[in-house]
Amino acid sequence: MLVAIPTDKGKMSGHFGHAPEFTIYQIHDKDLQDKKVVAAPPHQPGLLPKWLKEINVDVVIAGNMGSKARDLFDQNGIEVVYGVGETDPDTIIVNFIKGDLKRDAELTCCH
């Protein structure tokens, strides 16, 4: 499974659609296999779900994300976990693997 977290300078990006990079984690049987940082393509509405699908991402974890983006991920068969308040990607992925990822229902985007 590949899990992508939008990042900016090593922290989860505060605005999903404008993240300059994604930290991609490969997980197999609840074991972290690999981690890499990949530059995001230039921002265009609707591009990120298609791009992440092309690189075989299965799950996206984010803080804020609008409903249109969530719908596009759903259309591309990518699970979305949003509302995450933690900003350290490594802590986020450890908690995700353990099934202990904390979500804040208040973290939703306004568009």
Side-chain angles (χ1 to χ4, degrees):
M1 163 191 317
L2 289 181
V3 179
I5 299 174
T7 51
D8 186 1
K9 299 177 186 159
K11 296 290 183 191
M12 184 166 66
S13 176
H15 195 286
F16 172 82
H18 294 278
E21 62 196 25
F22 280 79
T23 303
I24 311 285
Y25 296 87
Q26 183 177 1
I27 301 167
H28 182 70
D29 290 334
K30 295 194 174 197
D31 185 37
L32 181 59
Q33 302 286 310
D34 191 29
K35 170 186 167 181
K36 63 183 173 181
V37 177
V38 179
H43 177 71
Q44 290 179 6
L47 176 67
L48 289 175
K50 293 176 190 174
W51 174 71
L52 290 167
K53 177 69 172 179
E54 288 173 3
I55 61 172
N56 299 312
V57 167
D58 301 293
V59 179
V60 170
I61 300 174
N64 295 329
M65 184 184 295
S67 62
K68 184 175 179 181
R70 292 192 310 268
D71 290 344
L72 289 171
F73 277 111
D74 187 48
Q75 292 170 17
N76 281 278
I78 297 175
E79 178 185 350
V80 175
V81 178
Y82 70 100
V84 176
E86 173 64 55
T87 61
D88 178 61
D90 291 342
T91 300
I92 291 168
I93 206 67
V94 166
N95 289 333
F96 176 76
I97 290 170
K98 291 189 317 188
D100 194 28
L101 189 60
K102 305 250 186 288
R103 296 177 65 198
D104 182 347
E106 297 295 317
L107 287 176
T108 57
C109 196
C110 59
H111 61 280

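Here the structure is a predicted model, which means the values were calculated and not measured.
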Quiz item: So, for Ala40 and Ala19, which heavy atoms are closest and what is the spacing to 0.1 Å?
Solution: CB-O, 3.3 Å
Quiz prompt | Sub-4.5 Å side-chain heavy-atom contact between Phe16 and Val60 | solution = yes
Practice problem: Just jot down the side chain to side chain contact (heavy atoms under 4.5 Å, CB included) partners of Pro41, sequence neighbours excluded, or say none. | Solution: Leu47, Leu48, Trp51
Self-check item: From Gln26 atom CD to Asp58 atom CG, the distance as rounded to the nearest 0.5 Å
Solution: 10.0 Å
Quiz item: Is Val37 reachable from Ile24 through a run of I, L, V, M, F, W or Y residues, each pair having side-chain heavy atoms under 4.5 Å apart?
Solution: no
Quiz item: Got a second to check how far Leu32's CG is from Ile97's CD1, nearest 0.5 Å?
Solution: 5.0 Å
Quiz item: Taking only residues at least two apart or on different chains, which pairs with a member in residues 88-100 satisfy side chain to side chain donor-acceptor pair (under 3.5 Å)?
Solution: Tyr25-Asp90, Lys35-Asp90, Asp88-Thr91, Asp100-Lys102
Quiz prompt | Candidate pair Ile55 and Leu2, rule side chain to side chain contact (heavy atoms under 4.5 Å, CB included), full reasoning | solution = CA-CA 9 Å; Ile55 61 172; Leu2 289 181; 5.9 Å; no
Quiz item: Which atom pair, heavy atoms only, marks the closest approach of Asn64 to Gly14?
Solution: ND2-O, 3.7 Å
Quiz item: Nearest heavy-atom pair of Ala69 and Pro49: which atoms, and what distance?
Solution: O-CG, 4.5 Å
Practice problem: Give a yes or no on whether the ring-centroid distance for Tyr82 and Phe73 is below 6.0 angstrom. | Solution: no
Quiz prompt | Euclidean distance, Leu72 CG relative to Lys50 NZ, rounded to 0.5 Å | solution = 8.0 Å
Quiz prompt | Residues in side chain to side chain contact (heavy atoms under 4.5 Å, CB included) contact with Asp8, at least two apart in sequence or another chain | solution = Ser13, Pro20
Exercise. Could you tell me whether the side chain of Val81 reaches within less than 4.5 Å of the side chain of Val59, counting heavy atoms only?
Key: yes
Practice problem: Please report the closest heavy-atom contact between Lys9 and Glu21, naming both atoms and the distance. | Solution: N-OE2, 3.5 Å
Practice problem: Please identify each residue that fulfils salt bridge (charged side-chain N to carboxylate O under 4.0 Å, His left out) with Lys53, with sequence neighbours left out. | Solution: none
Quiz item: Residues in salt bridge (charged side-chain N to carboxylate O under 4.0 Å, His left out) with Asp29, at least two apart?
Solution: none
Quiz item: Taking all non-hydrogen atoms of both residues, which atom of Met65 and which atom of Arg70 are closest, and how far apart?
Solution: O-NH1, 2.6 Å
Self-check item: Separation of Ile5 CD1 from Ile61 CD1 (nearest 0.5 Å)
Solution: 4.5 Å
Self-check item: Distance in Å, Ile92 CD1 paired with Lys11 NZ, rounded so as to fall on 0.5 Å steps
Solution: 9.0 Å
Exercise. Can you sort out the partners of His18 under ring-ring contact (aromatic ring centres under 6.0 Å, His included), two or more places apart, ordered by chain and number?
Key: His15, His43
Exercise. Rounded to the nearest 0.5 Å, what's the gap from CG on Leu52 to CD1 on Ile78? Could you check?
Key: 5.5 Å
